[in-house]
Amino acid sequence: MTRALAMISGGLDSILAAKLIKEQGIEVIGICFKSHFFNEENAVKMTEQIGIPLKVVDFSKEHFSMVKHPKHGYGKNMNPCIDCHSLMLNYTGKLLQDMDADFIITGEVLNQRPMSQTKHSLDLVKKESGFSDKILRPLCAKNLTPTEMELSGLVDREKLMDISGRGRKVQMELAKSWGIKDYPSPAGGCKLTEPNYSKRLRELLNHKDNPSVKDLELLKYGRHFRILPDAKIISTRTQIEGDEVKQYLDKEDFIFFAEEFNGSMIIIVGEPTEEDIEFAAKITARYSKGKDEELVKVKYGKFMCPLDEHIEVKPATEDEVNKYIL
Ligand code: SF4
């Protein structure tokens, strides 16, 4: 039986591409990738809707090396989509033999994205992946030169599509006809496409060539203030955020809470000076219900230890916040 590996991003297009090929009686196995910047959550939900198995590939290390120095540069934010797609295709190509599969499917649509899905970019990605003869793009195949899979009759070209451009109407109708609901927005789920996250990542890379997993994970939470080249204050915004952040902290990190008011948990990662501790306390006061008070009492200490240090401070002013916030 013919078998295809479908690259599943977690968005609608890749799942439609997989379903289109499955409808031809071809066995389809989903492949999705996880890294520091995206995970398999949406891909799992989407593949369940069309009933195909999913293999998750963790390529965090290699992906991050590429994100730091992408050969073809970045998109609007820190998203190096051309290099990222090529890398994913290369990994998937290498799985073809192991998984006894015949070709690869992607959900790319010609001209859907201004930089990464032009004809030139699609050709480039194909070439750079090292598996150009094995890549089929079912949603826009009829706009492209027929592939080996179509010419040999492995795939019926007549049943492929000719979608082009940024409109979503055809995809939404197709999803409706197949009962696919609940799909995320295009490119949803990749932190590298988010302006704020990208700004913080760029700033982090300016300070550290090799950030740790902790550094990268913490970028996803709260407000960040750079106080020293190797130290930062992070203010969590909700209780849930505070609880999630704790999994990345270690006993060298400081945490702060306002003593008499509800508010954010404030963290210092890195080695602070006494001045930094005072500033973190001021931030704690600022992001508490006591922000309009003259003075606010703050308790602090090392993570996982009793918070038995106390300091009374004026809440940080807007100017102070703006000076350090990233
Ligand atoms: S949006 Fe993110 S995951 Fe998708 S290709 Fe671009 S960088 Fe990679």
Side-chain angles (χ1 to χ4, degrees), residues 5-18 30-47 54-95 104-132 135-140 166 168 171 183-202 204-205 211 213 216-217 219-220:
L5 300 183
M7 286 176 43
I8 305 294
S9 66
L12 180 60
D13 291 351
S14 59
I15 218 72
L16 293 177
I31 306 289
C32 86
F33 292 85
K34 68 186 279 190
S35 76
H36 298 301
F37 312 104
F38 43 84
N39 62 32
E40 71 277 34
E41 209 178 296
N42 287 334
V44 170
K45 284 188 206 150
M46 295 301 280
T47 45
L54 180 70
K55 179 179 169 66
V56 181
V57 179
D58 185 341
F59 70 159
S60 302
K61 209 169 155 203
E62 193 172 355
H63 186 260
F64 185 45
S65 303
M66 177 279 290
V67 167
K68 287 193 279 185
H69 306 288
K71 186 171 163 192
H72 297 287
Y74 300 101
K76 210 167 160 196
N77 296 293
M78 283 287 279
N79 49 311
C81 293
I82 292 178
D83 295 272
C84 183
H85 270 149
S86 305
L87 188 62
M88 289 180 185
L89 275 166
N90 180 266
Y91 261 83
T92 311
K94 288 177 185 157
L95 288 174
I104 304 167
I105 311 164
T106 80
E108 289 153 305
V109 166
L110 185 64
N111 296 327
Q112 187 177 70
R113 303 225 176 113
M115 285 172 78
S116 63
Q117 293 186 2
T118 59
K119 176 82 171 55
H120 172 71
S121 301
L122 292 186
D123 288 344
L124 191 60
V125 164
K126 229 177 164 179
K127 189 169 149 244
E128 300 259 322
S129 74
F131 290 91
S132 59
I135 299 168
L136 180 71
R137 292 159 164 146
L139 298 185
C140 61
R166 308 190 72 173
R168 307 286 300 154
Q171 287 96 315
Y183 42 86
S185 61
C190 175
K191 298 303 268 181
L192 298 171
T193 61
E194 293 177 14
N196 276 343
Y197 182 89
S198 296
K199 197 171 148 197
R200 289 176 188 177
L201 176 60
R202 204 171 282 123
L204 177 64
L205 292 174
V213 171
L216 293 170
E217 288 300 327
L219 290 184
K220 296 175 185 162

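Counting convention: from 1, in listed order, for ligands and their atoms alike. Since the structure is predicted, the reported quantities are computational estimates derived from the model, not experimental observations.
Taking 2.8 Å as the criterion, C81 counts as a coordinating residue of atom 6 (Fe) of ligand 1, since one of its N, O or S atoms falls below it.
Residue F38 approaches ligand 1 through these ligand atoms, each under 4.0 Å from one of its heavy atoms: 3 (S). Ligand-side atoms of ligand 1 in range of T193: 1 (S), range being under 4.0 angstrom from any heavy atom. Counting the atoms of ligand 1 from 1 in the order shown, those under 4.0 Å from a heavy atom of C84 are 3 (S), 5 (S), 7 (S), 8 (Fe).
The aromatic rings of F33 and Y91 sit perpendicular, their planes meeting at an angle over 60°, well past the 30° parallel limit.
Other residues, nucleotides and ligands contribute only 12 or fewer heavy atoms inside 6.0 Å of the NZ atom of K71.
The backbone N or O of S60 sits less than 3.5 Å from a side-chain atom of D58, completing a donor-acceptor pair.
Shown here are the side chain to side chain donor-acceptor pair (under 3.5 Å) partners of K199, two or more places apart in sequence or in another chain: there are none.
Comment: D13 engages R168 in a salt bridge, judged by a side-chain N to carboxylate O separation of less than 4.0 angstrom.
Of the heavy atoms in F37, none comes closer than 4.0 Å to ligand 1.
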